[in-house]
Amino acid sequence: MSFFNSETIWFLDVYILLILGYAILIMSSYLILAYLSTKALRSYLKKNSFVDYEVLLTSEFAPKLSLIAPAYNEGFTIEENVKSLLSLNYNNYEVIVVNDGSKDNSMEILINTYNLVLKELRFDSKIETKKVRGIYISKNTAFKKLIVVDKENGGKADALNVGLNIAQNPYVVCIDVDCILDKDSLLKLAKPFLESHGKRIIATGGVVRIANQCVIRNGRLVEVNIPDVMLPRIQVLEYLRAFLLGRMAWGRLDGLLLISGAFGAFDKEIALLSGGYNTKTVGEDMELVVRMRRYMVENKLPYSVSYIPDPLCWTEAPEDFKIFKKQRSRWMRGTIETLAIHKKMFLNPKYKLLGLISIPYWTFFEFLAPAIEFTGLIITLLFMLFGFIHWHFFLLLVLFVYTFAVFFSVIALFSEEFTYHKYPKQTDFFKLLLAAFIEPIYFHPLTVYAALVGYKEKIMGTKGWGEMTRKGFTKKE
Amino acid sequence: MSIWEQYKNSDWAEPFLMGSVFLFAGISVVLYLLIIKSRNRKIKQEKLRNEYEQIIVELMYSVVFMDAPFSSVKDDPNYVMFLKNAYFREVLSESVINLHKNYDGVYALKLEQFYKESELIKSSLKKLKSHKWEVKCKGITELAEMNITDASEKMISISKSKNKVLKITAINASIRLEGVKGIIHLTEHAYPIDDWTQLNIINAFKKHDIGDTQGVEYLLESKNTTVVALALKLIKELKLTQKLHHVKLLTERAPNTLIQYEAQSVLKALTVNLTNE
């Protein structure tokens with residue numbers, strides 16, 4: 001390094017120290033969260049083994065729910081999906097399917113299958129939305145729970161807002177219409193709303209798992225399998241880590257910022273008072289949770305957000321890189337937009353744990369991590385180019401990061417094994433173990449790349465979701 | 001030495017990285033071995049359970065349907081070894097309790113008799129003394145299912161616990177064994193009872209078909225408004241029209257407007273019911 005002056009060397013030293021500090025901090029935070037999650041999970045499962053959900057099934061006092069399922073060009077699967085939504089184990093609920101100006105024959109299929117007729121339904125438009133073309137109900141009493149709304153295209157958030165305006169019940173459950181729900185999912189999601197101790201439960205969220213290659217029959221998941229394709233297989237592992245080792249801890253700390261858009265329940269009154277879904281962001285699920293929490297804090301209302309670790313919702317993960325990149329870049333845009341909208345909360349003691357830990361955590365470890373990794377990569381390449389790399393030390397560092405990544409995945413597998421045990425086949429377990437070894441060198445760089453694309457799209461002002469084609473669930477009969 | 005100097009003197013870096021790598025790899029191997037061990041244990045237990053269940057089916061058949069007394073079963077060389085095995089007794093206990101859920105009348109009584117004579121009751125009673133709440137819950141559930149009324153006093157006392165799951169389990173058991181008497185102490189309950197607990201109590205009344213609701217009206221006099229709300233829900237859900245007079249009195253002296261509103265709503269619903277009848 002002879003041609004660097006002492007200031008540059010000092011700068012490099014400080015840079016390396018900061019990066020090392022960052023790496024140790026992020027790894028420690030993962031371990032702390034994993035520890036808290038495991039503890040919370042054990043306690044939850046112990047308690048849950050004595051819970052009788054039949055209590056909710058038979059009681060007229062069970063929380064009344066409105067399921068809102070936005071649908072856009074879902075003609076291929078909508079009939080079966082709506083049928084499965086109508087046959088969930090719960091009594092006090094209605095299903096609102098919002099056709100968001102689909103270009104396919106979704107509406108036609110719904111009208112014919114469910115014997116729908118136009119109905120003059122008065123509702124209060126508390127949130128501004130695109131024009132509603134018509135509201136339909138079924139002539140067949142077997143489908144009396146179903147309401148279908150036909151509206152002009154306005155995006156997922158706009159469709160959910162229409163649902164919020166129309167919903168008759170005090171709690172709304174927002175779901176992706178193509179998700180496979182567990183038969184008891186509503187029972188589990190509704191229970192926390194009855195358990196508040198002076199605190200209002202404003203939202204509850206459940207675990208989402210990957211359904212690729214699982215066996216689906218009549219809209220229900222009947223057999224869990226691990227995908228043969230590596231990309232979705234690693235996502236199974238990634239979801240296990242995120243939901244079992246991450247969100248459970250945030251739930252326990254009551255610092256959860258995100259309830260998956262695929263499946264979450266909200267207190268309708270608070271969601272409306274907070275302004276409903278933000279149509280200007282692609283991260284509307286996270287943004288709504290943050291805004292609802294912010295509303296409660298700013299109005300000094302005691303509240304809590306609940307989290308259920310049971311696998312309640314199964315979704316299809318992207319199998320090819322093109323779609324995966326679109327999904328992940330959108331997630332990154334959503335994160336950036338949410339953090340930007342609520343920048344006031346960053347390190348603001350007024351918002352307590354949320355402002356001091358949750359928002360900074362998301363800023364440093366979710367939003368900035370890909371940028372820091374990319375910068376590290378460039379600097380490493382420069383070091384290589386100029387011949388500054390101390391190879392022995394460099395390889396040790398790579399090994400350190402790699403073993404940590406594998407170690408963390410093994411913790412997730414361990415946690416899954418001793419809790420839900422959803423992958424009992426030996427071959428499935430070994431497939432996941434193999435994925436743990438491959439993930440740091442194959443999948444992780446892809447996620448970083450997709451996140452960088454998200455940065456670029458945000459800078460270029462890209463809006464909207466883009467087309468998200470799905471393969472559809474494999475149905476083994 | 002300052003942190004900066006220690007950092008500059010990078011002697012620590014290599015041992016730190018090597019140590020961490022070995023630590024992560026070592027723990028991963030241990031976790032992997034634990035997973036394998038757990039899987040093997042589950043397979044073994046499953047096998048054993050299947051084997052035991054076949055023996056238990058024969059045993060239950062002779063006790064319940066062939067009227068064989070337990071004393072003869074106890075001395076039967078086919079069973080004597082098994083009855084000393086802790087895991088066998090655990091599976092046996094589960095089977096007897098599950099079977100009891102599906103039987104009424106004389107068969108249920110025979111199972112209860114077997115539960116007492118085989119001393120399975122002893123392990124349930126022992127569970128009540130455990131420091132672990134989940135073990136206590138298990139004991140309570142077993143004793144309630146087998147209608148062991150002698151344990152009801154203990155259950156009522158456990159139902160005053162601050163642990164919510166334990167409290168709900170004990171209240172459910174007390175309702176099954178003692179009816180309204182099992183919850184009458186709630187009149188003096190100092191803390192709020194959340195909606196989930198209330199729904200469990202109502203469900204216990206429905207599930208165990210408690211006909212005698214004498215005393216529910218006392219809950220309406222509680223100073224704890226959540227207990228009053230519970231009583232109103234109970235009266236409404238069980239359609240206790242005979243308590244109309246007490247509800248009417250409550251509407252006149254309700255502690256707050258919410259209770260007054262709920263009382264009026266119950267009064268209205270029950271009056272409609274009465275008219276329809």
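Keep in mind it's a predicted model, so treat the numbers as computed, not measured.
- Below 30°, between 30° and 60°, or above 60°: for F407(A) and F404(A) the angle between ring planes is above 60°, a perpendicular geometry.
- For F22(B), no part lies under 4.5 angstrom from a heavy atom of chain A.
- Using a 4.5 Å cut-off between heavy atoms, L433(A) contacts chain B through its side chain alone, with no backbone atom that close.
- Residues K206(B) and E237(B) are paired through a salt bridge, judged by an N-O separation under 4.0 Å between the basic side chain and the carboxylate.
- With chain A as partner, the option from N200(B), I202(B), L23(B) having the largest number of non-hydrogen pairs under 4.5 angstrom is N200(B).
- Counting heavy-atom pairs under 4.5 Å between each of Q198(B), K164(B), K207(B) and chain A puts K164(B) at the top.
- Contact annotation for L57(A): neither backbone nor side-chain heavy atoms come within less than 4.5 Å of a heavy atom of chain B.
- Looking at P63(A), neither its backbone nor its side chain comes within 4.5 Å of chain B, counting heavy atoms on both sides.
- Ring geometry for H189(B) versus Y191(B): interplanar angle over 60°, hence perpendicular rather than tilted (30 to 60°).
- Within a 6.0 Å radius of NZ in K126(B), no more than 12 heavy atoms belonging to other residues, nucleotides or ligands are found.
- Proximity to chain A is limited to the side chain of K42(B), based on heavy atoms less than 4.5 angstrom apart.
- Of the listed residues (L397(A), V410(A), L396(A)), the greatest number of heavy-atom pairs within a distance under 4.5 Å of chain B belongs to L396(A).
- Neither the backbone nor the side chain of Y402(A) comes within less than 4.5 Å of any heavy atom in chain B.
- The most heavy-atom pairs under 4.5 Å with chain A, out of V165(B), T197(B), L31(B), come from L31(B).
- If you check the side chains of D184(A) and Y90(A), you find no donor sitting under 3.5 Å from an acceptor.
- A salt bridge does not link E188(B) to K160(B): none of the charged side-chain nitrogens sits closer than 4.0 Å to a carboxylate oxygen.
- Ring orientation note: the planes of H392(A) and H390(A) are tilted relative to one another, at an angle of 30° to 60°.
- With chain A as partner, the option from I35(B), D195(B), N203(B) having the largest number of non-hydrogen pairs under 4.5 angstrom is I35(B).
- Q260(B) and T251(B) are not linked by any side-chain donor-acceptor pair at a separation below 3.5 angstrom, with hydrogens and angles left out of the test.
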